[in-house]
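Encoded as structure tokens, the structure appears first; notes follow it.
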Amino acid sequence: MINNQKIRTVIFYKNYFNEFFIKQKEKVQEKIVWTIDLIEELDRIPETYLKYIENTDGLYEIRIQQGNDIFRIFCFFDEGKLIVLANGFQKKTQKTPKKEIKKALKIKKEYENEK
């Protein structure tokens with residue numbers, strides 16, 4: 001990476017992300033960590049890695065591809081530079097499952113209520 005200057009900070013909220021992370025193969029975990037580092041360090045993050053989800057209240061998806069496997073981790077911003085990771089899942093269909101988005105929005109609401 002450029003100079004490892006962090007622009008943003010990524011945090012995990014409760015165990016939601018961790019439960020997903022520990023189930024992944026080592027290669028996938030490495031790719032997730034690499035992508036999170038990228039998000040923390042790059043000034044402008046390409047949509048390949050972080051994309052806003054239309055018609056949600058501030059929900060983004062971190063996009064990870066490892067070989068033919070595609071993974072998504074939902075996240076949201078808290079006060080600009082803080083990114084909070086919610087749930088993750090392996091993507092098997094073209095469209096992101098509604099239940100995963102609902103779950104992420106529920107986590108976001110829970111987070112905001114506890115702040």
Side-chain angles (χ1 to χ4, degrees):
M1 292 264 133
I2 319 136
N3 56 7
N4 288 354
Q5 201 72 40
K6 280 190 177 188
I7 294 170
R8 291 167 208 87
T9 305
V10 173
I11 64 163
F12 311 158
Y13 174 59
K14 293 193 170 165
N15 261 338
Y16 299 114
F17 168 75
N18 221 11
E19 283 170 8
F20 158 77
F21 185 79
I22 56 178
K23 289 182 198 146
Q24 305 312 317
K25 293 189 201 101
E26 191 181 340
K27 276 255 182 269
V28 174
Q29 289 184 350
E30 286 169 9
K31 188 72 183 261
I32 290 171
V33 169
W34 180 88
T35 308
I36 289 172
D37 286 345
L38 190 90
I39 288 168
E40 288 187 323
E41 292 163 18
L42 279 188
D43 190 28
R44 290 179 60 90
I45 306 155
E47 268 199 1
T48 333
Y49 301 111
L50 184 70
K51 188 172 193 277
Y52 177 68
I53 301 171
E54 297 294 319
N55 306 319
T56 62
D57 184 22
L59 208 55
Y60 288 78
E61 60 179 11
I62 296 174
R63 314 170 90 173
I64 288 140
Q65 186 157 0
Q66 177 57 48
N68 291 327
D69 295 328
I70 297 172
F71 300 88
R72 295 290 185 257
I73 299 160
F74 289 115
C75 62
F76 48 90
F77 285 83
D78 182 12
E79 293 168 23
K81 301 286 182 207
L82 186 65
I83 297 179
V84 184
L85 299 184
N87 52 322
F89 68 99
Q90 183 168 359
K91 195 166 176 194
K92 296 188 191 307
T93 58
Q94 206 51 47
K95 282 189 79 60
T96 300
K98 287 258 188 295
K99 74 172 180 46
E100 293 293 345
I101 293 176
K102 276 198 179 101
K103 183 176 175 185
L105 287 168
K106 201 173 138 246
I107 294 168
K108 183 174 183 281
K109 195 171 230 54
E110 187 182 328
Y111 173 84
E112 288 164 351
N113 289 340
E114 285 183 13
K115 260 176 50 169

_Quick one, Glu79 with Lys115, criterion side chain to side chain contact (heavy atoms under 4.5 Å, CB included). Give me CA distance, side-chain angles, the key distance, then yes/no._
CA-CA 12 Å; Glu79 293 168 23; Lys115 260 176 50 169; 3.4 Å; yes

*asked:* I'd like to check Asn87 versus Phe20 (side-chain heavy atoms, cut-off strictly below 4.5 Å). Are they in contact?
replied: no

*Going from NZ on Lys31 to NZ on Lys25, what distance comes out if it is rounded to the nearest 0.5 angstrom?*
13.5 Å

*With the threshold set at 4.0 Å, does a side-chain nitrogen-carboxylate oxygen contact exist between Lys6 and Glu40?*
yes

*asked:* Run the side chain to side chain contact (heavy atoms under 4.5 Å, CB included) test on Gln90 and Asp69 for me, step by step, so that the C-alpha distance in whole Å, both residues' side-chain angles and the decisive distance to 0.1 Å come before the verdict.
replied: CA-CA 7 Å; Gln90 183 168 359; Asp69 295 328; 3.3 Å; yes

*Flag yes if more than 12 heavy atoms outside Glu114 fall under 6.0 Å of its CD atom; otherwise flag no.*
yes

*Lys27 (side chain) donor-acceptor with Gln66 (main chain) under 3.5 angstrom*: no

*asked:* I'd like to know whether NZ of Lys106 has more than 12 heavy-atom contacts from other residues, nucleotides or ligands below 6.0 angstrom.
replied: no

*Closest non-hydrogen atom pair, Phe76 against Ala86*: CE2-CB, 4.4 Å

*Shortest non-hydrogen contact from Gln24 to Ile32?*
CG-CD1, 4.4 Å

*Out of Tyr60, Phe89, Tyr111, Phe17, which residue meets the ring pair (Phe, Tyr, Trp, His ring centres under 6.0 Å) rule with Phe74?*
Phe89

*According to a 4.5 Å side-chain heavy-atom criterion applied to Ile, Leu, Val, Met, Phe, Trp and Tyr, with indirect links allowed, do Ile36 and Phe71 form part of one hydrophobic cluster?*
yes

*If you take all heavy atoms of Lys81 and Ile7, which pair is closest and at what distance?*
CD-O, 3.3 Å

*asked:* When you group the ILVMFWY residues by side-chain heavy-atom contacts below 4.5 Å and let the links chain together, are Phe12 and Phe21 in the same group?
replied: yes

*To the nearest 0.5 Å, tell me how far Ile39 CD1 sits from Ile45 CD1.*
5.5 Å

*Do you reckon Ile70 sits in the same ILVMFWY cluster as Ile73, going by side-chain contacts under 4.5 Å, direct or chained?*
no

_Heavy-atom side-chain contact between Tyr16 and Glu110 under 4.5 Å_ = yes

_Closer than 4.0 angstrom, basic N to acidic O: yes or no for Lys108 and Glu112?_
yes

*Let me see the working for Leu50 and Arg63 under side chain to side chain contact (heavy atoms under 4.5 Å, CB included), right down to the final yes or no.*
CA-CA 6 Å; Leu50 184 70; Arg63 314 170 90 173; over 6 Å; no

*Report whether Leu42 and Leu85 are members of the same hydrophobic cluster (ILVMFWY, side-chain heavy atoms less than 4.5 Å apart, transitive linking).*
yes

_Tell me the closest heavy-atom pair linking Arg8 and Asp43, and the distance in Å._
NH2-O, 2.8 Å

*Show your working on side chain to side chain contact (heavy atoms under 4.5 Å, CB included) between Thr9 and Ile83 and close with a plain yes or no.*
CA-CA 6 Å; Thr9 305; Ile83 297 179; over 6 Å; no

*So do the side chains of Val10 and Ile62 get within less than 4.5 Å of each other, counting heavy atoms only?*
no

*May I have all residue pairs that pass side chain to side chain donor-acceptor pair (under 3.5 Å) and include part of residues 48-58, sequence neighbours excluded?*
none

*Mind checking whether Leu59 and Ile11 sit in one hydrophobic cluster, side chains of I, L, V, M, F, W, Y counted as touching below 4.5 Å?*
yes

